[in-house]
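Order of the sequence lines sets the chain letters (A, B, ...), proteins ahead of strands, with each chain counted from 1.
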Number of protein chains: 2
Amino acid sequence: MATGTLTAERILEVTEEVLRRYGPAKATVVDVARALGVSHGSVYRHFRTKAALREAVTHRWLGRTEQALEELTAAPGPAPGKLHDWLATLFEAKRHKAGDDPELFATYNVLIDESSGVVDQHVTVLEDQVRRILEEGVSAGEFAAPDPAASARAVFAATARFHDPSYAPTWESETAEEEFEQVVGLLLRGLRP
Amino acid sequence: MATGTLTAERILEVTEEVLRRYGPAKATVVDVARALGVSHGSVYRHFRTKAALREAVTHRWLGRTEQALEELTAAPGPAPGKLHDWLATLFEAKRHKAGDDPELFATYNVLIDESSGVVDQHVTVLEDQVRRILEEGVSAGEFAAPDPAASARAVFAATARFHDPSYAPTWESETAEEEFEQVVGLLLRGLRP
DNA sequence: GGAATGACAGATATTGAAATCTGTCATCCG
DNA sequence: CGGATGACAGATTTCAATATCTGTCATTCC
């Protein structure tokens, strides 16, 4: 079935499929090897441990969200509106993933709990995007932020309710959207010069 | 050992002890009855189910925090400082419980996960205290909040990072205190008239 | 008569033996 | 010779038998 050489990339693709099919509890390295048509020893040539393989899958998954938000970050436009949209996009992306395919979302949440290092890196990337938006706003006189990096962490922390997966069960509620706007409104007011 | 009549209050006290000793997974109604020196049927006279007993324990535990914060809420003084102190006290109380006796804290977190209704009520009580502080500030011209109840929910949501037990592992970090001040500072700025 | 008991049925948890998986490595193949 | 293999040891998971627990209720006790 597998075409050509066995690459790390191909293993990651198949691992995603196996995780989707069997779930995080039952997906084994042997399953991945079987789906690839190779021995499990070959998988271990590319990933030192099962944990490393799962972390790589998680990294890929989180990277996709980072990429979508990076485009927003780099786009032109006033910083306050951009920050609002950046947060709204993050919220909407997470809410969509959670509501659309709850099982797959649950699977990735298990992976995320396992891979704290990968998540820390993800958070750092996102906070850095927020920091860049804040700095842009400070330059344009739209924001006051003596320490943009610290403010970025604060903004990210204050909106955890809307992007941290542990709150996913509440994201479908009718009031979630309104509460999001309230929090973001408060933060944008707090950032005014 | 037990003195006099069997009361709901006495059962709750002993249940707390049993939970502390055995943990949430192993503490049984039979254990509670044994510690009380009665048959387990007698416990069921006061609490319809094991879940109801655990919820009552949770309610009592959360009520103690509500009470401490209520005193702060009712005290005189400028609203901005009071809101800051209220949030700082909540943070400190949680952090202290988590750091002081991690096992007991973990036990109560298990109970909390089971008792969503009780927790919702607790959150409502705390948000109401925040709302009263906000209204006080609006009256004194210290805050601008067209809808104090909505702003109270926003303030509570934005500080989840510092009172939601799922974040407890990060509360000991050196930067937690600083991040708390950043978030609260941003919120207080956002509430200014 | 109101509170407590303990035997009971069905549900849940524990246990230990068997099966499977993870990670290594000597060997094989192109 | 670099990459793939599959047998292997120790760790983990599964499964089914056994034990315990939950919640009820007819009976006992004060």
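Atom pair B/Arg10:CZ and C/dA3:P shows a separation of 19 Å (rounding to whole Å applied). Atoms CD (B/Glu114) and P (C/dT12) sit 14 Å apart, rounded to a whole Å.
Put simply, the side chain of B/His59 reaches to within 4.5 Å of the side chain of B/Gln121, judged on heavy atoms. Side-chain contact between A/Phe162 and A/Leu90 is absent, with no heavy-atom pair separated by less than 4.5 Å.
No side-chain donor-acceptor contact under 3.5 Å links B/Ser115 and B/Glu55. In this model, a donor atom of one side chain and an acceptor atom of the other lie less than 3.5 Å apart for A/Arg161 and A/Thr170.
Partner of B/Pro148 under the side chain to side chain contact (heavy atoms under 4.5 Å, CB included) criterion, out of B/Arg153, B/Arg132, B/Glu136, B/Glu135: B/Glu135 alone.
A rotation axis mapping the C1' atoms of four pairs onto the next four is fitted at both ends of the helix from C/dG1-D/dC30 to C/dG30-D/dC1 over five pairs, and the angle between these axes is 10° to 10 degrees.
One finds no side-chain N or O of B/Ser42 lying less than 4.0 angstrom from the OP1 or OP2 phosphate oxygen of C/dA4.
Two different hydrophobic clusters hold A/Val118 and A/Val110 under the rule that ILVMFWY side chains link at heavy-atom gaps under 4.5 Å.
Between atom OG of residue A/Ser42 and atom CG of residue A/Leu36 there is a gap of 9.0 Å, rounded to the nearest 0.5 Å.
Seen from the ring of A/Phe91, A/Arg95 counts as a face-on cation partner, given the 6.0 Å and 45° thresholds.
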Any N/O pairs under 3.5 Å between the protein and nucleotides 21-25 of chain D? List them or say none.
unit_1, atom_1, unit_2, atom_2, d
D/dT22, OP1, B/Val29, N, 3.2
D/dT22, OP1, B/Lys50, NZ, 3.2
D/dT22, OP2, B/Val29, N, 3.1
D/dT22, OP2, B/Val30, N, 3.4
D/dG23, OP2, B/Tyr44, OH, 3.0
D/dG23, OP2, B/Lys50, N, 2.6
D/dG23, N7, B/His40, NE2, 3.3
D/dG23, O6, B/His40, NE2, 2.9

